[in-house]
Structures are given as structure tokens and as C-alpha cells.
Amino acid sequence: MADPMTQSSQISSSQGLNDGHSASSKDSKFSVNDLVHWRDPKKSGVVFGVSLLLLLSLAAFSMISVVSYLLLALLCVTISFRIYKSVIQAVQKSNEGHPFKALMEKDVTVPPETFRKHVDTCLTHVNRVLKQMSRLFLVEDLVDSLKLAVVMWLMTYVGAVFNGITILILADILLFSVPPIYEKNKTQIDRYIDIARTQVNTTFAKLQEKLPASMKRCKAE
């Protein structure tokens with residue numbers, strides 16, 4: 001029969017491992033939703049700052065220049081650190097080896113299974129979008145196609161005021177500012193959204209009632 005103290009230590013070790021595994025799993029599940037809701041202000045601040053800086057750089061310079069400068073800056077940092085560590089090792093006459101040895105030994109390749117999984121996921125989304133676009137542009141439902149036409153008409157005015165990179169900058173700012181604001185004022189915002197949705201649905205319902213019977217919810221065979 002096992003010693004009670006041994007069993008107790010084994011149970012404690014097992015619980016410690018399980019707790020560590022749960023903590024690491026929780027960290028790995030830190031999602032985009034957590035970032036935009038600022039669950040961890042430090043991580044969200046870093047992601048928001050880097051993404052905004054990158055977009056502002058793209059607004060001022062070409063993409064080739066921005067990518068080249070980023071890679072050049074990274075290369076300068078790694079080369080400087082490599083030289084610094086080599087000098088320190090020479091002065092101290094130590095034999096620590098390459099400073100990036102641990103990183104160099106990590107497997108950075110993409111497993112075929114992971115690649116196929118992401119490709120299949122992207123293909124599913126692409127097919128869904130193609131099917132939806134076909135339904136809208138071939139006017140399977142006249143009301144839905146008219147909604148798309150209204151949106152595209154409004155987008156022509158947006159495009160006349162903003163270029164693509166400016167829209168991306170505004171989208172990045174809104175992405176990190178709207179969710180926390182919505183979370184704090186959810187009740188009031190939902191009420192106004194419901195009012196606006198009701199008005200839009202009422203307008204399109206009246207429009208559909210005035211259409212000929214042959215054009216109402218006409219589905220492609």
C-alpha cells in the first residue's frame with residue numbers, strides 16, 4: 001500500500017501541472033475579442049500602437065519602403081546584439097555560444113496539417129462569399145440587391161472623401177475604441193440600434209409591398 005505522504009505529494013504535483021497547463025491554455029486563448037475590449041491593457045496598447053504606426057507609415061511611404069525599413073531595423077538590432085554579445089564573451093573569455101541559439105533551434109516551419117486546415121477554412125469563406133455575391137448581383141432577391149446598391153452608392157461618397165489607407169486607419173481606431181465604449185453603454189446603444197433597424201426594415205417592407213408580385217422574393221431555380 002502506498003505511503004499517504006507519497007500519494008499527497010503526487011496529487012499536489014499533478015494539480016500543479018494541471019494548473020500550469022490550464023494557465024497556459026488560458027493565455028493561448030487570448031483572442032482578438034479580448035484585445036479590442038482591452039482585457040489586458042498592455043497587450044492591447046502594444047497591438048493598437050504597432051498597427052496604427054504601421055498604417056500611418058503606409059500613408060506616408062510606399063509599402064515597399066515601410067517593409068524594407070522594418071526589416072532593416074530588425075536586422076540592425078539583431079546584428080548589434082550579436083556583435084555586443086561576441087565582444088562581451090571575448091572580454092570575459094566565456095564560451096556561451098550564439099546568443100540566438102535557443103531561437104535558432106525552434107521549429108518555425110508550418111506543419112502541412114495546419115496549412116491545409118487554414119486553406120480549407122479560407123476556401124469555405126470564399127465559397128460562401130461567392131455564393132452570396134452571385135445571389136445579390138443576379139437579383140435572386142430584389143430587396144437585398146437594392147440594399148447592396150444603396151450601400152455601394154454611399155461608399156462612392158466615402159471613397160471621394162477618404163482613400164483606402166485612411167479608411168484602414170479610421171477602422172483601426174474604431175476597432176480599439178468602439179468595443180469598450182459599447183460595453184459601457186450597451187443598453188442605450190442597443191435601444192438606438194433597434195430603433196434604426198426597425199425604421200430600415202419598415203422602409204424596405206413598404207418598398208417590397210409596392211413591387212409587382214413576380215418580383216417579390218423571386219428565387220433562382
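Source: prediction; values computed, not measured. These values consider heavy atoms only, across backbone and side chains, with no hydrogens, waters or symmetry-generated copies.
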According to a hydrophobic-cluster definition based on side-chain heavy atoms being under 4.5 Å apart (Ile, Leu, Val, Met, Phe, Trp, Tyr only), do [X] and [Y] belong together?
X      : Y      : answer
Ile165 : Leu170 : no
Phe137 : Val129 : yes
Met133 : Leu138 : no
Val66  : Leu71  : yes
Leu55  : Phe61  : yes

Review point. Side chain of Thr114, backbone of Val110: donor and acceptor closer than 3.5 Å?
Key: no
Sub-4.5 Å side-chain heavy-atom contact between [X] and [Y]:
X      : Y      : value
His98  : Lys85  : no
Phe48  : Val36  : no
Ser44  : Arg39  : no
Thr166 : Asn163 : yes
Asp34  : Asp40  : no
Leu146 : Leu142 : yes
Leu70  : Leu54  : yes
Asn127 : Leu123 : yes

Counting heavy atoms not belonging to Phe115, are there more than 12 under 6.0 Å from its CZ? no
Self-check item: Neighbour count above 12 (heavy atom, 6.0 Å) for Met152 CE
Solution: yes
Measure the [atom1]-[atom2] distance between [X] and [Y] for me, rounded to the nearest 0.5 Å.
X      : Y      : atom1 : atom2 : value
Ile83  : Thr78  : CD1   : OG1   : 9.5 Å
Ile167 : Met155 : CD1   : CE    : 5.0 Å
Leu168 : Phe162 : CG    : CZ    : 12.5 Å
Leu53  : Asp172 : CG    : CG    : 11.0 Å
Leu58  : Ile64  : CG    : CD1   : 11.5 Å
Leu72  : Ser65  : CG    : OG    : 11.5 Å

Check the angle between the aromatic planes of Trp38 and Phe176 and answer parallel, tilted or perpendicular using the 30° and 60° thresholds.
perpendicular
Trp153 and Tyr157 aromatic ring geometry - parallel, tilted or perpendicular at 30°/60° bounds
perpendicular
* Asked: Would Thr198 and Asn201 satisfy side chain to side chain donor-acceptor pair (under 3.5 Å), going step by step from the backbone distance to the final call?
  -> CA-CA 5 Å; Thr198 302; Asn201 291 338; 5.9 Å; no
(request) Please assess Arg191 against Thr187 for the test side chain to side chain donor-acceptor pair (under 3.5 Å), listing each intermediate value before the final yes or no. (result) CA-CA 6 Å; Arg191 184 170 67 251; Thr187 305; over 6 Å; no
On a heavy-atom basis, the closest approach of Ser145 and Arg135 is OG-O, 4.4 Å
Practice task
Decide salt bridge (charged side-chain N to carboxylate O under 4.0 Å, His left out) for Asp194 and Arg197; before the verdict, give the C-alpha distance in whole Å, the side-chain angles of both, and the deciding distance to 0.1 Å.
Solution key: CA-CA 5 Å; Asp194 289 338; Arg197 185 186 293 115; 2.9 Å; yes
